[in-house]
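Structure first, then comments.
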Amino acid sequence: MANTLDSMDLKQIISLHQDGLSNRKISVTLGIARNTVNNYMQAFKASDYTLKELLVCDNAILEALFTSHTTIDNNRFDQLTRYFERMNKAKNHPGFTFLYHYQEYVQQVKNPYSYTQFMEHYHRKYAKLKGSMKLNHEPGHEIFIDFTGKKLHIVDRDSGEIIAVEVFVAILPNSHYTYVEACKSQKREDLINCCANALQFYGGVPKAIVSDNLKSAVKRASKYEADINRSFKDFARHYNCVINPTRGYAPQDKALVENAVNLAYQRIYYPLRNMTFFSLQDLNREIRRLLESYNNLLFKRRHASRRELFQSVEREYLKPLPSTAYELKDYRRAKVQKMGYVYFSPDKSYYSVPYRYIGKETMIHYTASVVEIYYYHQRIALHQRNPAKGNYNTKEDHLSSTHKFYSDWSPEFFKKMASKHGEHVLGCIEEILKTEDYPEIGYKRAMGLIQLFISTEKYTTISFQKYTILN
């Protein structure tokens, strides 16, 4: 026989023949000349063994029956095997795909194998993948969110420290339109910020957000009724949707987002593997560029991309975004002090409430810009947040009449009072306010002088009236 093959190729020909493939199809699949396949099939049938017996024969027996000299182009095959060796070094990297490496292989060699031959040479003994059931999802009904298991990294420009960062993934299940963002952590602040950015990216709000049982989202997981984190629940209220955590120990509930995570590894992680970033902004800018290409890829069987399906089908089912962006809200308990203020521990400052609530226990709701004080779920005070430490933030309508009088104390206040009693009293008050370094001491002395003058004036008036009556 002019063209001979090794024992492994012979067993492949027999296996494919038993699977019902024609000699022509076997030739295309294995990259072997059709005449060579024809000749070997004739030799198999002419031998004293059945095809099943030949398939289970040892390589030594096959070599004895058929001359073992390959017709494979050695240089071409050597190039392929050397590429396989290099490819295997990257196989455990997140996002690895054979298609990506096949495209790279095609660019590196002059006479590449077809993709089918590439895979056959690599996967001769690999088991087939199991099938899975396709689920239909109502458009605009929900969004799935999760963090990836593997992290990306940025480098501190000054110290050179490599900093691991989390990666957030969101997907609309009907169109598979995907959002990806890198963030500092999985903490509540970062989770809520990523969710807000995802909804902004989609330009609308679904009916529900389906999350894994993250600690930043769920305080207590449950198969039937999970306890949602208060801030995350407030975020959902702001966007007019609900939080629907997956059931514990039910991986099928989050299969879609898990698949999105794996695709993120392939389409985003893997192309980024040799790049260095010095900030989250730079990393997210490159992620956005890769994400755009990913969402524009055509589905093989649907003849449309994720973006096209989103814009043509799912977008119109999303509810509109609220007019204002969400600000993360936190909570503190505080008792109203005798002065009529609550102590705000994050800034170590004070905020006034109506004086009738003195001694009451209140709940402070605060964001980066606003401080709200509630008593039994009723808001009793609203202040703009002042980050200055130790500051007293006061609204005059919260003060009692006595407190209002003291809160009005200022140099102008005392000068105005003194001017009613003549220029000599005004001159004394001005001298007192000038000489005191601590204003409050000067205010007390000024008030004492004015009250003394008023008392003296009143006593003089009464004495003069008595003298007039007696005479």
Side-chain angles (χ1 to χ4, degrees), residues 132-148 167-181 183 191-214 216-218 225-226 228-229 231-247 250-264 267-268 284 287-288 290-328:
S132 59
M133 184 180 72
K134 176 148 182 7
L135 298 176
N136 292 319
H137 295 273
E138 184 181 341
H141 184 70
E142 54 198 1
I143 179 177
F144 287 80
I145 63 169
D146 200 3
F147 284 96
T148 61
V167 179
F168 170 88
V169 177
I171 183 171
L172 289 170
N174 181 270
S175 62
H176 289 221
Y177 197 43
T178 305
Y179 176 77
V180 181
E181 179 183 349
C183 58
L191 170 67
I192 290 177
N193 187 55
C194 285
C195 285
N197 291 341
L199 296 180
Q200 195 70 36
F201 173 79
Y202 292 127
V205 183
K207 294 179 182 177
I209 298 175
V210 180
S211 71
D212 197 0
N213 287 287
L214 302 163
S216 52
V218 179
E225 189 174 356
I228 310 298
N229 178 285
S231 295
F232 201 29
K233 192 183 293 184
D234 187 63
F235 167 83
R237 179 201 57 76
H238 180 82
Y239 281 93
N240 191 26
C241 63
V242 298
I243 307 298
N244 181 25
T246 57
R247 297 170 296 168
Q252 66 273 18
D253 286 4
K254 55 176 183 174
L256 190 69
V257 73
E258 292 290 349
N259 184 56
V261 168
N262 290 329
L263 289 172
R267 301 296 182 180
I268 294 175
N284 279 320
I287 287 175
R288 275 294 185 96
L290 294 169
L291 184 64
E292 184 175 359
S293 300
Y294 168 66
N295 280 323
N296 286 331
L297 285 174
L298 293 178
F299 285 108
K300 288 184 178 180
R301 293 180 178 85
R302 300 179 72 175
H303 305 291
S305 67
R306 290 170 174 82
R307 182 186 299 277
E308 289 170 338
L309 291 172
F310 167 72
Q311 292 178 343
S312 62
V313 178
E314 195 153 22
R315 190 174 196 170
E316 63 179 299
Y317 289 94
L318 296 176
K319 293 181 286 187
L321 291 166
S323 57
T324 57
Y326 177 76
E327 282 192 289
L328 181 65

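In this structure, L321 CG and Q200 CD are separated by 5.5 Å, a value rounded to the nearest 0.5 Å. Between the CG atom in D146 and the CZ atom in F168 there is a gap of 9.0 Å [rounded to 0.5 Å]. Atom CD1 of I145 is separated from atom SG of C194 by 9.0 Å, given to the nearest 0.5 angstrom.
Taking the side chain as every heavy atom from C-beta outward, S175 and V313 never approach each other to under 4.5 Å. Side-chain contact between I143 and I209: present, with at least one pair of heavy atoms (C-beta onward) separated by less than 4.5 Å. The shortest side-chain heavy-atom distance between L263 and T178 does not fall under the 4.5 Å cut-off. Looking at L318 and P206, their side chains come closer than 4.5 Å, going by heavy atoms from C-beta outward.
By the 6.0 Å contact criterion, OH on Y317 is open, its count of non-hydrogen atoms from other residues, nucleotides or ligands being 12 or less.
Of the residues I192, L191, N193, the one that meets the side chain to side chain contact (heavy atoms under 4.5 Å, CB included) test with C195 is L191. Of the candidates L291, N296, L290, Y294 forms a side chain to side chain contact (heavy atoms under 4.5 Å, CB included) with just one, namely L291.
Taking the six-membered ring for Trp and thresholds of 30 and 60 degrees, Y239 and F235 have ring planes inclined between 30 and 60 degrees apart.
Of all heavy-atom pairs spanning L328 and S231, the tightest one is CD1-CB, 4.1 Å. Minimum interatomic distance between A170 and Y202 (heavy atoms only, all atoms of both residues): O-OH, 3.1 Å. The two atoms that bring T324 and H238 nearest to each other are O-NE2, 2.8 Å, heavy atoms only.
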- Item | Intermediate values then yes/no, side chain to side chain contact (heavy atoms under 4.5 Å, CB included), R288 and Y179 | CA-CA 9 Å; R288 275 294 185 96; Y179 176 77; 3.5 Å; yes
- Task: Give the intermediate values and the outcome of side chain to side chain contact (heavy atoms under 4.5 Å, CB included) for residues L309 and E314.
- Result: CA-CA 7 Å; L309 291 172; E314 195 153 22; over 6 Å; no
- Message: Could you go through L298 and E308, starting from their C-alpha distance and side-chain angles, then the distance that decides it, and tell me whether this counts as side chain to side chain contact (heavy atoms under 4.5 Å, CB included)?
- Response: CA-CA 9 Å; L298 293 178; E308 289 170 338; 4.0 Å; yes
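Side chains of R315 and Y177: a donor-acceptor N/O pair is absent below 3.5 angstrom, by distance only. Between the side chains of N295 and R307, no donor-acceptor pair is found at a separation under 3.5 Å. If you check the side chains of D234 and Y326, you find a donor sitting under 3.5 Å from an acceptor.
The backbone N or O of A260 lies less than 3.5 Å from no partner atom in the side chain of H176, so there is not a single donor-acceptor pair. Here the side chain of E142 pairs no donor or acceptor atom with the backbone of V210 at under 3.5 angstrom.
Looking at residues two or more places apart in sequence or on another chain, you find no side-chain hydrogen bond (donor to acceptor under 3.5 Å, both in side chains) involving N240.
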